[in-house]
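When a ligand or atom number is given, it counts from 1 through the structure's own listing order. The basis for the numbers below is simple: all heavy atoms, side chains too, and nothing from hydrogens, waters or symmetry mates.
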Amino acid sequence: MLKTPAYAAQDAASPLAPYTIERREPGPREVLIDIAYCGVCHSDIHQARDEWGGSIFPMVPGHEIVGRVAQVGGDVTRYQVGDTVGVGCFVDSCRECAHCQAGDEQYCVQGMTATYNGRERAGGAPTYGGYSTRITVDEDYVLRIPDGIPLDRAAPLLCAGITTYSPLRHYGLKAGDRLAVVGLGGLGHMAVKFGVAMGAEVTVLSTSESKRADATALGAQAFAATRDPDTFKRLAGQFDFIVDTVSAPHDYNAYLALLKVDGTMVLLGVPDQPVPLHAGSLIMRRRKLAGSLIGGIRETQEMLDFCAEHGVASDVETIAIDQINTAYERMLKGDVHYRFVIDTSSLGA
Ligand code: NAP
Ligand code: ZN
Ligand code: ZN
């Protein structure tokens with residue numbers, strides 16, 4: 001076993017603090033990755049604070065992992081020592097069910113094995129994520145980071161990137177569609193970039209007036225402040241598509257009213273409380289309310305290659321690991337521009 005420095009939450013009420021974990025030597029089909037950067041997702045906060053229930057402690061969060069292959073098992077065919085690779089939100093699945101076979105491993109009927117806050121399929125040991133210096137993963141669940149994407153700016157693509165790319169593809173965003181992105185954080189800023197790259201006309205709906213200029217810099221055509229009630233009157237019935245990335249409870253009905261007839265609103269944010277839905281919000285304009293969970297391995301690779309081709313990468317603020325608790329507090333206030341990324345060299349060797 002390889003003693004590995006990490007940061008962990010010991011329980012739902014404690015700040016993250018240094019912790020040592022053990023990584024296994026790679027098995028025949030596994031690679032050992034030296035982690036360079038790990039993005040900080042709002043899901044890390046939800047889970048470290050047990051807001052969704054069922055959290056496993058101690059917890060080492062982190063599922064936006066990039067680094068270099070340090071060691072490969074004897075039967076590994078896809079990767080070599082030195083390759084630049086990534087790991088996203090899951091590290092295993094059954095591989096046999098219809099969804100795994102279709103490349104939608106995130107919907108595995110036996111449950112995907114989450115990169116952290118999950119349990120290994122064999123043996124049930126807890127999984128530990130990317131707030132650490134290395135990780136051992138089956139090669140089938142490893143992504144190749146294309147040349148040309150700076151590594152720190154690639155990390156958030158492994159969750160925020162695929163989570164926003166997948167529903168735009170699946171629900172069929174077309175060039176010329178009017179797309180609204182609700183919440184300009186880690187997911188939201190990637191939704192804007194992908195929407196623009198796919199030819200949509202993008203509007204950012206935000207609680208933070210201070211993000212207006214950034215929305216334009218990201219390529220959005222328009223920005224509207226959701227604290228201004230006039231916004232909801234002015235934009236009623238305007239959008240083909242809404243991507244909702246908000247992490248806290250908010251009124252879905254108010255946003256559904258902004259869709260055209262036959263428009264689709266996709267929920268990506270996972271607030272910790274349910275929100276009432278009026279049937280009329282859907283019925284009166286034949287609207288659709290949908291959801292989407294990250295994306296499969298094949299589609300994640302497609303998204304990474306799309307990013308390299310279209311010059312898309314995340315806008316990041318790099319932090320040392322000892323700034324992680326402050327970063328969480330800033331994210332809870334919406335003060336994120338637009339993804340914190342941990343430089344894991346700050347964990348020591
Ligand atoms: P984030 O970086 O913290 O961004 C969330 C944004 O939502 C904030 O920056 C803020 O944007 C807005 N917001 C926050 N509180 C709000 C409130 N009370 N009312 C209105 N707007 C508010 O978070 P993230 O990492 O993008 O994650 C967003 C959500 O997606 C989380 O719930 C996370 O767990 C979930 N998630 C889901 C998936 C999936 O597969 N579906 C994957 C990853 C994450 P403004 O300042 O612009 O208002
Ligand atoms: Zn995430
Ligand atoms: Zn499966």
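Using a 30° and 60° split on the angle between ring planes, Tyr255 and His250 fall in the perpendicular class, above 60°.
Of all protein heavy atoms, the one lying nearest to atom 16 (C) of ligand 1 is Val246 CG1, 3.7 Å. When only non-hydrogen protein atoms are considered, atom 31 (C) of ligand 1 lies nearest to His46 NE2, 3.4 Å.
Distance check: Asn117 CG to His46 NE2 gives 12.5 Å after rounding to the nearest 0.5 Å. For the atom pair Thr4 OG1 and Ile135 CD1, the distance stands at 10.0 Å (nearest 0.5 Å).
For a threshold of 3.5 Å applied to N or O pairs, the pair formed by Leu205 and ligand 1 contains no separation below that value. In terms of polar-atom proximity, Pro249 is not counted as a contact of ligand 1, lacking any N or O under 3.5 Å from an N or O of the ligand. No N or O atom of Cys41 sits closer than 3.5 Å to an N or O atom of ligand 1. Looking at ligand 1, you'll find an N or O of Leu187 within less than 3.5 Å of one of its N or O atoms. Below 3.5 Å of separation, one finds an N or O of Gly186 facing an N or O of ligand 1.
With a 4.5 Å cut-off between side-chain heavy atoms of Ile, Leu, Val, Met, Phe, Trp and Tyr, the cluster of Leu32 takes in Leu2.
A salt bridge is defined here as a Lys NZ or Arg NE, NH1 or NH2 lying under 4.0 Å from an Asp or Glu carboxylate O, and Lys3 with Glu22 meets this definition. A salt bridge between Arg134 and Asp34 is absent, with no side-chain N of the basic residue lying under 4.0 Å from a carboxylate O of the acidic one. The pair Asp83-Arg68 does not meet the salt-bridge criterion, since no charged nitrogen lies less than 4.0 angstrom from a carboxylate oxygen. With respect to Arg95 and Asp140, a salt bridge is recorded, a charged nitrogen being found less than 4.0 Å from a carboxylate O. In this structure, Arg298 does not pair ionically with Glu105, as no charged nitrogen and carboxylate oxygen lie closer than 4.0 Å. Ion pair Arg49/Asp272 not flagged as a salt bridge, since none of the NZ, NE, NH1 or NH2 atoms sits closer than 4.0 Å to an Asp/Glu carboxylate oxygen. Under the 4.0 Å criterion applied to side-chain N and carboxylate O atoms, Arg286 and Asp262 are assigned as salt-bridge partners. Note on Glu209 versus Arg227: no salt bridge recorded, every NZ/NE/NH1/NH2 to OD/OE distance being 4.0 Å or above. Note on Lys233 versus Asp230: no salt bridge recorded, every NZ/NE/NH1/NH2 to OD/OE distance being 4.0 Å or above.
The side chain to side chain contact (heavy atoms under 4.5 Å, CB included) test with Val85 singles out one residue from Val137, Ile65, Val142, Leu143, and that residue is Val142. With respect to Val204, the side chain to side chain contact (heavy atoms under 4.5 Å, CB included) criterion is satisfied by exactly one of Leu179, Val182, Val192, Asp214: Val192. Each of Leu205, Val246, Leu235 was scored for a side chain to side chain contact (heavy atoms under 4.5 Å, CB included) with Thr226, with one residue passing: Leu205.
Taking all heavy atoms of Lys211, Gln47, Gln106, His250 into account, the minimum distance to atom 10 (C) of ligand 1 is reached by Lys211.
The distance from ligand 1 to the heavy atoms of Ala248 drops below 4.0 Å at these ligand atoms: 15 (N), 17 (C), 18 (N). Within ligand 1, the atoms closer than 4.0 Å to a non-hydrogen atom of Ile294 are 39 (C), 40 (O), numbered from 1 in the order shown. If you number the atoms of ligand 1 from 1 as listed, the ones under 4.0 Å from a heavy atom of Thr163 come out as 38 (C), 39 (C), 40 (O), 41 (N), 42 (C). Distances below 4.0 Å separate heavy atoms of Ser206 from the following atoms of ligand 1: 45 (P), 46 (O), 47 (O), 48 (O). The distance from ligand 1 to the heavy atoms of His42 drops below 4.0 Å at these ligand atoms: 1 (P), 3 (O), 23 (O), 24 (P), 25 (O), 27 (O), 31 (C). Near Cys159, the atoms of ligand 1 lying under 4.0 angstrom from a non-hydrogen atom of the residue are 42 (C), 43 (C). Ligand-side atoms of ligand 1 in range of Trp52: 34 (O), range being under 4.0 angstrom from any heavy atom.
Residue-level proximity to ligand 1 for Phe340 is absent, since no heavy atom of it falls below 4.0 angstrom.
Within the 4.0 Å heavy-atom cutoff, Ser292 counts among the residues contacting ligand 1. Contact between Tyr328 and ligand 1 is absent, with no heavy atom of the residue lying under 4.0 Å from the ligand.
Note on Ile35: it does not cluster hydrophobically with Ile319, by side-chain heavy-atom contacts below 4.5 Å among ILVMFWY residues.
Residues meeting the ring pair (Phe, Tyr, Trp, His ring centres under 6.0 Å) test with Tyr7, sequence neighbours left out: none.
Within the protein, the number of N/O/S atoms found under 2.8 Å from the Zn ion (ligand 2) is 3.
The Zn ion (ligand 3) has Cys94 SG, Cys97 SG, Cys100 SG, Cys108 SG as its protein N, O or S neighbours under 2.8 Å.
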